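To start, the structure under review is shown below, and the notes come after it.
Fair warning: this is a prediction, and the values are worked out from it, not measured in the lab. Each residue takes its place number in the sequence, starting with 1.
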Amino acid sequence: MRHVLVVAVVGATLWAGFWQLRRLDEKRDQRDQVEAQQHQPVIDIASVIPADVEVGDAAVEAVVYRPVTATGTYADDETVVVENRSYNGAPGGWVLTPLVLDDGTAVVVNRGFVGFDREGAVVAPPAPAGEVTVRGLLRESQERGSIGRVDPSGEELDVLARADIDRYQEQVEADLYPVYLQLEESDPPEPEPAAGEPQIVTLGPPETDLGPHLGYAVQWFIFSAIAAGGYLLLLRRVAKDSAKSDAAVAKADDLDHELEELLRSER
């Protein structure tokens, strides 16, 4: 049973270490992609990707983090909030609004982060009225992982669990691009909030810091080595103690045998 437990512990710590290395590789790939794309010229979104491409298509992967511009009119009545987001440690949500372009298609614009108001809710500020030109980075539609809340279909929601373009399309009249635009600049800019209301904050480019994954991986591998090495030392000590015990038993048996021989000789 002890063997099984130790093998399980070593296996778990090794898995955690290699998982951290995989996350490090993902961060490196993201950093390289962000840096490569940001050197691309800023052009209109229609010149970068067609609006009729499906979410998750290879064409989408090729343009993620690409800087683009778009000009249109916000469909402010179709704004939603993506809940459970944070910015610099503050809780709140993202504000998503479709920007309807001249050809009738629309790109979802992540206008930024808004914290909780005095009532403890995330209230989306009104979008700029009239024609607006935005610039920002293209981002992939978000999908639900193995866990997480499901946004129900068949109803119009004011709050979404994630920036899911396919789900958002269910309640938006215009055909949406298969990506969303993470806003960096807007002309005209976002309106000033009313007194006491939170300010919407543009998110800017994603962080390219690699994070502590390498350090965590090293720690997990050290834990694995300690568990395996410590158990081997324990087995060695147990074997040594067992050998001493066997030797003591053997010596006692020899003494008993000698005593029996002595008694026989005296008779």
Side-chain angles (χ1 to χ4, degrees), residues 23 26-27 29-34 36-38 40 43-70 72 74-76 78-87 92-101 103-114 122 124 127 134-184 186 200 202-208:
R23 289 290 295 134
E26 291 173 2
K27 287 288 187 69
D29 291 342
Q30 182 188 48
R31 179 196 61 187
D32 293 344
Q33 187 176 14
V34 170
Q37 292 286 36
Q38 286 182 332
Q40 299 291 327
I43 58 177
D44 188 83
I45 186 173
S47 301
V48 174
I49 185 171
D52 57 357
V53 171
E54 297 290 330
V55 171
D57 190 273
V60 172
E61 296 181 8
V63 299
V64 173
Y65 305 119
R66 176 73 188 264
V68 299
T69 61
Y74 278 122
D76 198 22
E78 295 177 328
T79 293
V80 297
V81 169
V82 176
E83 64 178 359
N84 296 328
R85 295 298 184 269
S86 64
Y87 182 80
W94 294 344
V95 178
L96 306 185
T97 306
L99 183 71
V100 182
L101 312 181
D103 62 0
T105 62
V107 57
V108 174
V109 178
N110 182 350
R111 293 164 49 208
F113 170 86
V114 173
V122 179
V134 296
R135 182 179 72 81
L137 302 181
L138 295 182
R139 301 296 301 269
E140 285 184 285
S141 173
Q142 295 181 333
E143 298 181 358
R144 179 180 179 271
S146 56
I147 59 175
R149 202 194 77 198
V150 176
D151 291 322
S153 298
E155 55 184 294
E156 188 167 329
L157 303 175
D158 295 325
V159 176
L160 298 178
R162 59 196 63 85
D164 183 340
I165 302 299
D166 283 337
R167 175 58 188 85
Y168 200 8
Q169 180 68 81
E170 295 180 20
Q171 60 189 63
V172 173
E173 183 177 354
D175 291 332
L176 296 177
Y177 273 79
V179 290
Y180 71 91
L181 186 150
Q182 187 164 298
L183 183 66
E184 292 184 331
S186 173
I200 190 167
T202 54
L203 299 175
E207 294 183 3
T208 56

Any donor-acceptor N/O pair, D151 side chain to L160 backbone, under 3.5 Å
no
Can you tell if the side chain of D158 reaches within under 4.5 Å of the side chain of V80, non-hydrogen atoms only?
no
Below 4.5 Å, heavy atoms only, C-beta onward: do Y168 and S141 meet side chain to side chain?
no
How long is the span from the OH atom in Y87 to the CD1 atom in I200, to the nearest 0.5 Å?
11.5 Å
Shortest non-hydrogen separation from V55 to D166 and the atoms involved
CG2-OD1, 3.4 Å
Does some side-chain heavy atom of D52 sit less than 4.5 Å from a side-chain heavy atom of D175?
no
Please check if the number of heavy atoms outside E173 that lie under 6.0 Å from its CD is greater than 12.
no
Y74 vs V109 side-chain heavy atoms within contact, under 4.5 Å:
yes
What are the two closest heavy atoms between V107 and A70, and how far apart are they?
CG1-CB, 4.2 Å
Side chain of Q169, backbone of V172: donor and acceptor closer than 3.5 Å?
yes
Atom OG1 of T69 and atom CD1 of I43: how far apart are they, to the nearest 0.5 Å?
8.0 Å
Atom OH of Y65 and atom CD of E140: how far apart are they, to the nearest 0.5 Å?
7.0 Å
Heavy atoms only: give me the nearest I165-V179 pair and the separation to one decimal.
CD1-O, 4.0 Å
Quick one, R111 and T79 - any side-chain contact, counting heavy atoms below 4.5 Å?
yes
Within the distance-only criterion (no hydrogens, no angle test), does the side chain of R167 pair as donor or acceptor with the backbone N or O of P152 below 3.5 angstrom?
yes
With a 4.5 Å limit on heavy-atom distance, are the side chains of E83 and V122 in contact?
no
Let me confirm one number: the OG1-CG distance from T105 to L176, rounded to the nearest 0.5 Å.
9.0 Å
Any side-chain heavy-atom pair from E54 and V60 closer than 4.5 angstrom?
no
Hey, what do you get for CG (L99) to CD1 (I45), rounding to the nearest 0.5 Å?
9.0 Å
Minimal non-hydrogen separation, V81 against A124, with atom names
CG2-CB, 4.0 Å
So, for R162 and Q142, which heavy atoms are closest and what is the spacing to 0.1 Å?
CB-OE1, 3.5 Å
When rounded to the nearest 0.5 Å, the distance separating CZ of R66 from CZ of R139 is 16.0 Å
Can you tell if the side chain of L138 reaches within under 4.5 Å of the side chain of Y177, non-hydrogen atoms only?
no
Exercise: identify the closest heavy-atom pair between P178 and I49:
CG-CD1, 3.9 Å
